[in-house]
Amino acid sequence: MSRDKLMNLLEQKEADMIALRRHFHENPEISFEEKETADTIAAFYAGKDVEVKRNVGNGYGIVVTIQGNKPGRTIALRADFDALPIKEETNLPFASKKPGVMHACVHDGHTAYLMTLADCFIELKDEWAGTIKIVHQNAEEVGPGGAKSIVDSGELDDVDEIYGIHFYPNIEVGHVEYASGWAYAGCSEISVKIQGKGGHGSMPHMSNDAIVAASSFVMNLQTVVSRRINPFDMAVVTIGSFEGEGVSNVIKDNLTLYGDARYMDIEVGKKIEEEVRKLARGLEEGYSVETEVTFAWDYPPLYNHPEQTEAAAKVMNERGVGTYLENASLTPAFNGAEDFGQYLLKIPGAFLNMGAKPETDTYFMNHHPKFDINEKALLVAAKTVGDITLSALGK
């Protein structure tokens, strides 16, 4: 297959790619409710020489299989398609038509670029060998996410390598950043229910104050990172919600704490869980309360396999830089979480951060109600992932 054919065909379809992104942006759907989005994606592939499997995993996931002209390696490419419960404030002409729902994390762009790239591989399928699986994933934004269920479905058991990207508005268009090894943090939601014994504020000795117990827990939790985790390991533990509302002269009977743990190694995550549960048991003994701890393993740390990451970097620097890319650079790991890590637990591959900085003086980061991207990044992503895929297929 002539690489030039793929690049030229992508350029011809750039306007279609942008139109797709804008359609999805106007019609966002939150995690596990993406039926119309999935219908649109499936309709795009209808009548084409591909196999389409719908409702893969725990929701509206779609796996599209494209066969080349003869057997060979199997490469998977993934894009997520869910939106967020955010009221859009961009004033774009294609802003969300659904109040309180917005594509504020550019999953519309991920889906649009990958659909267009897939379309090009379909048109040129007689010129390359092997198999390409296009994974349109539901529910990335809500733990445990859609990725694990798609992996567990078995639809990707024959995949040799998998690749994905994420757009960021703080990186210039034409720039790609990537980490080798641990690249994104794992993320776990924590909840701690504390049941004490309520009473009158004038008689504290007849009560077991849930607020005092919870306050002790919040303060002592900070010692998990500072005194129980190796200083060379990345770990963050946060309590973001303390549900202790009441009145001034009533000792609180019960409350719930909600928090978040981030870690760059699964073993560190296990250590955090162990220490959280240990602190909760200490509350029971020290404050005569009952506790219930939930530690949800939502997203594992994302591990970019060095061999595949280095191969992708070589492709980007040798084929992309000087043409559609300006720079592809190795960067430190990122504390954000991404359920693409579920695929990489089983399949070698890599996840790249693509520049999508708007052509304005200011930009707003992902999950902001004014979030937007530079749509020129769509073609850059399609060419980048297209080149990486060709190389992985042996072209």
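Owing to the predicted nature of the structure, the values given are computational and were not obtained by experimental measurement.
- Shown here for A185 and R262, the closest heavy-atom pair between the two residues is CB-CB, 4.3 Å.
- H23 is linked by a ring pair (Phe, Tyr, Trp, His ring centres under 6.0 Å) to nothing, counting only residues two or more places apart in sequence or in another chain.
- By the 6.0 Å contact criterion, CG on D39 is enclosed, its count of non-hydrogen atoms from other residues, nucleotides or ligands being greater than 12.
- In the model, H107 has a side-chain atom that pairs as donor or acceptor with a side-chain atom of D82 under 3.5 Å.
- Side-chain contact annotation: T90 with E88, donor-acceptor N/O pair under 3.5 Å present.
- Classification of K383 and E11 as a salt-bridged pair holds, one side-chain N sitting under 4.0 Å from a carboxylate O.
- With salt bridges taken as basic N to acidic carboxylate O contacts below 4.0 Å, none links R3 and E127.
- Within the 3.5 Å criterion, the main-chain N or O of A139 finds no donor-acceptor partner in the side chain of S31.
- Using modelled atom types, no side-chain atom of W182 and backbone atom of L302 make a donor-acceptor pair closer than 3.5 Å.
- Using a cutoff of 4.0 Å between basic side-chain nitrogens and carboxylate oxygens, R21 and E375 are scored as salt-bridged.
- D253 and N208 share no donor-acceptor pair across their side chains, judged by distance under 3.5 Å alone.
- Under the 3.5 Å distance criterion, the side-chain polar atoms of E34 are matched with a main-chain donor or acceptor of F32.
- The aromatic rings of Y45 and H136 lie tilted to each other, with the angle between the two planes from 30° to 60°.
- Looking at heavy atoms from C-beta onward, V159 lies in side-chain contact with K133 at the 4.5 angstrom threshold.
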From CA spacing to verdict: side chain to side chain contact (heavy atoms under 4.5 Å, CB included), V225, V236: CA-CA 7 Å; V225 173; V236 177; 5.8 Å; no
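- Donor-acceptor pairing under 3.5 Å is recorded for the side chains of Y343 and Q137.
- No more than 12 heavy atoms of other residues, nucleotides or ligands sit less than 6.0 Å from atom CD of E307.
- By the 4.0 Å N-to-carboxylate-O rule, R78 lies close enough to D339 to be salt-bridged with it.
- Minimum interatomic distance between E141 and A83 (heavy atoms only, all atoms of both residues): CG-O, 4.2 Å.
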Pair E338-F351, side chain to side chain contact (heavy atoms under 4.5 Å, CB included): steps then yes or no: CA-CA 10 Å; E338 234 290 349; F351 193 72; 3.7 Å; yes
Ignoring hydrogens and angles, write down the donor-acceptor pairs under 3.5 Å from the side chains of residues 173-181, residues two or more places apart or on other chains.
{"unit_1": "H175", "atom_1": "NE2", "unit_2": "E326", "atom_2": "OE1", "d": "3.4"}

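- Using bins of under 30°, 30° to 60° and over 60° for the plane-to-plane angle, the ring pair H103/H25 lands in the tilted bin.
- Looking at E243 and T256, their side chains never bring a donor and an acceptor atom within 3.5 Å of each other.
- Side-chain atoms of D209 and P204, non-hydrogen and from C-beta on, never get closer than 4.5 Å to each other.
- In this structure K48 satisfies the salt bridge (charged side-chain N to carboxylate O under 4.0 Å, His left out) test together with D119, sequence neighbours excluded.
- The closest donor-acceptor contact from the side chain of S226 to the backbone of Q222 lies under 3.5 Å.
- Applying the 6.0 Å contact sphere to CG of N91 captures no more than 12 heavy atoms from other residues, nucleotides or ligands.
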Pair Y113-L20, side chain to side chain contact (heavy atoms under 4.5 Å, CB included): steps then yes or no: CA-CA 8 Å; Y113 105 79; L20 278 171; over 6 Å; no
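- S391 places no side-chain N or O within 3.5 Å of a backbone atom of D387 that could act as its donor or acceptor partner.
- One hydrophobic cluster holds both I165 and I18 under the rule that ILVMFWY side chains link at heavy-atom gaps under 4.5 Å.
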Working for salt bridge (Lys or Arg N to Asp or Glu O under 4.0 Å), residues D158 and K346: CA-CA 11 Å; D158 59 346; K346 187 173 182 179; over 6 Å; no
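- Just one of F295, Y184, W297 meets the ring pair (Phe, Tyr, Trp, His ring centres under 6.0 Å) condition when paired with Y263; it is W297.
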